[in-house]
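The structure appears right after this line, and notes come after that.
Only a predicted model underlies this, so the values are computations on that prediction, with no experimental measurement involved. Order of listing sets the numbers, starting from 1, for every ligand and every atom in it. All values below come from the heavy atoms of this structure, side chains included, with hydrogens, waters and symmetry mates left out.
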Amino acid sequence: MTPEGSALLRRGLNALRLGATDDQMALFARLLDLLQEGNERVNLTALKTEEDIVLKHFVDSASCLNGGHLDGDLRVVDIGTGAGFPSLPLAILRPELRITPLDSIRKKVDFVRATAQALGLDTVHPMVGRAETLGRSPEHRQRYDRVVVRAVAALPILMELALPLLAEGGLLVAQKGAITEEELDAGANAAAEVGGEVEEATPFLLPVLGDARTLVVVRKVRATPARYPRREGVPTQQPLFWRAK
Ligand SMILES: C[S@@+](CC[C@H](N)C(=O)[O-])C[C@H]1O[C@@H](n2cnc3c(N)ncnc32)[C@H](O)[C@@H]1O
């Protein structure tokens with residue numbers, strides 16, 4: 001990472017009131033290299049420049065820590081992790097989290113696994129699969145303290161993918177762009193249907209760039225009815241209380 005990239009990362013993290021040790025900064029620098037190298041072999045992410053990766057992947061992922069919902073020794077699943085976001089930055093900044101980055105695309109998960117190994121992040125255990133499948137498997141259903149998710153789907157869809165995985169009392173932390181009242185209302189209705197309650201939807205601006213973001217936090221308040229999640233693809237094709245794309 002160039003000195004400018006490193007300064008930008010520190011500036012972004014400081015704006016989120018997050019410090020980073022020299023070791024953590026070194027891990028981010030190595031992650032940047034691995035992501036740029038990996039992107040030359042397989043198409044992992046549309047963001048390619050140092051500045052974009054630092055701000056739109058690293059700082060943006062770190063903003064999931066706003067509000068302290070991911071503090072502590074927690075079992076976390078990251079639905080639709082792609083090239084490892086927010087999982088990898090969260091694992092660097094919060095080594096006490098036990099994180100399962102999940103994605104249905106094997107080549108992305110292979111990259112996340114190899115990268116976590118190269119960075120020595122042994123709290124990260126990537127998995128290939130769909131959230132709907134995990135949500136129905138006894139090994140994973142209602143077993144997690146937190147679900148994190150960034151840039152995967154509209155809120156009503158996320159509720160059906162995420163809530164079945166949470167133990168009662170657990171939280172979904174969804175990092176979204178700007179959201180409409182309509183999406184939030186539909187999300188609240190879908191949450192209630194699958195055992196959740198929206199606790200907050202906090203708008204904020206991404207440090208340095210100023211892009212609009214919303215951190216939506218949903219608590220699992222009762223067991224998810226056995227009929228959810230519906231089979232693979234249905235939550236997206238026929239979203240609860242929402243229109244399909
Ligand atoms: C736009 S990418 C976002 C990646 C990453 N979260 C980020 O913020 O850069 C969405 C990812 O979600 C994955 N995905 C979508 N629906 C999924 C599901 N039901 N189960 C698992 N992965 C899913 C896709 O394969 C894709 O890699």
Side-chain angles (χ1 to χ4, degrees), residues 12 28 31-32 34-36 38-39 42-49 52-66 70 76-93 99-113 115-116 124-137 140-141 144 146-166 172-177 179 190 194 206 209 211-216 224 228-240 242 244-245:
F28 276 115
L31 175 56
L32 173 73
L34 292 170
L35 198 57
Q36 287 182 319
N39 236 352
V42 269
N43 190 17
L44 293 165
T45 161
L47 302 179
K48 299 203 166 41
T49 67
D52 271 353
I53 292 172
V54 164
L55 293 175
K56 297 184 186 168
H57 275 326
F58 297 173
V59 176
D60 196 67
S61 293
S63 73
C64 294
L65 296 170
N66 283 356
L70 297 170
V76 184
V77 57
D78 169 13
I79 296 178
T81 192
F85 299 102
S87 284
L88 295 171
L90 293 180
I92 292 173
L93 292 167
I99 308 183
T100 301
L102 173 75
D103 206 287
S104 51
I105 299 180
R106 179 169 297 276
K107 69 172 186 188
K108 294 188 180 183
V109 176
D110 287 346
F111 170 81
V112 178
R113 185 176 295 111
T115 302
V124 175
H125 300 284
M127 268 188 73
V128 182
R130 294 193 64 100
E132 299 92 316
T133 317
L134 258 67
R136 283 197 307 271
S137 113
H140 296 280
R141 186 179 174 87
Y144 292 89
R146 301 287 183 270
V147 174
V148 290
V149 69
R150 190 189 80 145
V152 172
L155 277 179
I157 300 169
L158 293 181
M159 300 302 171
E160 185 171 355
L161 298 180
L163 270 288
L165 293 166
L166 285 170
L172 162 64
V173 177
Q175 208 262 32
K176 302 272 299 170
I179 49 173
V194 294
L206 188 64
L209 292 175
D211 296 352
R213 294 283 182 276
T214 314
L215 201 67
V216 180
T224 300
Y228 297 117
R230 291 168 291 169
R231 68 187 154 74
E232 284 74 7
V234 178
T236 312
Q237 286 149 17
Q238 295 162 34
L240 297 169
W242 191 243
K245 257 203 281 181

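Close N/O approach between L102 and ligand 1 is not found [any backbone or side-chain N/O within under 3.5 Å]. Distances between N or O atoms of F85 and those of ligand 1 include at least one value under 3.5 Å.
Taking a cut-off of under 4.0 Å to the non-hydrogen atoms of K108, the atoms of ligand 1 that pass are 26 (C), 27 (O). Shown in contact with I105 at under 4.0 Å from a heavy atom are these atoms of ligand 1, numbered in order with element: 25 (O). Below 4.0 Å from some heavy atom of H57 lie the following atoms of ligand 1, by number and element: 9 (O). Near A151, meaning under 4.0 Å from one of its heavy atoms, ligand 1 places the atoms 1 (C), 2 (S), 3 (C), 8 (O), 10 (C). Ligand 1 places these atoms under 4.0 Å from at least one heavy atom of G82: 4 (C), 27 (O). Interface atoms of ligand 1 facing S104, defined by a heavy-atom separation under 4.0 Å, are 21 (C), 22 (N), 23 (C), 25 (O).
F28 and F58 have tilted rings, their planes meeting at an angle from 30° to 60° on a 0 to 90° scale.
Under 4.0 Å from ligand 1, not a single heavy atom of T45 appears. At a heavy-atom distance under 4.0 Å, only side-chain atoms of E132, from C-beta outward, approach ligand 1.
To the nearest 0.5 angstrom, L93 atom CG is 11.0 Å from L88 atom CG. A distance of 14.5 Å separates NE2 in H125 from CG in L102, rounded to the nearest 0.5 Å.
A salt bridge between D60 and K56 is absent, with no side-chain N of the basic residue lying under 4.0 Å from a carboxylate O of the acidic one.
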Take R113 and D110, measure what salt bridge (charged side-chain N to carboxylate O under 4.0 Å, His left out) needs, and give me the verdict at the end. CA-CA 5 Å; R113 185 176 295 111; D110 287 346; 3.4 Å; yes

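Closest approach of L172 and M159 over heavy atoms only: CD2-SD, 4.0 Å.
Counting protein heavy atoms under 4.0 angstrom from atom 17 (C) of ligand 1 gives zero.
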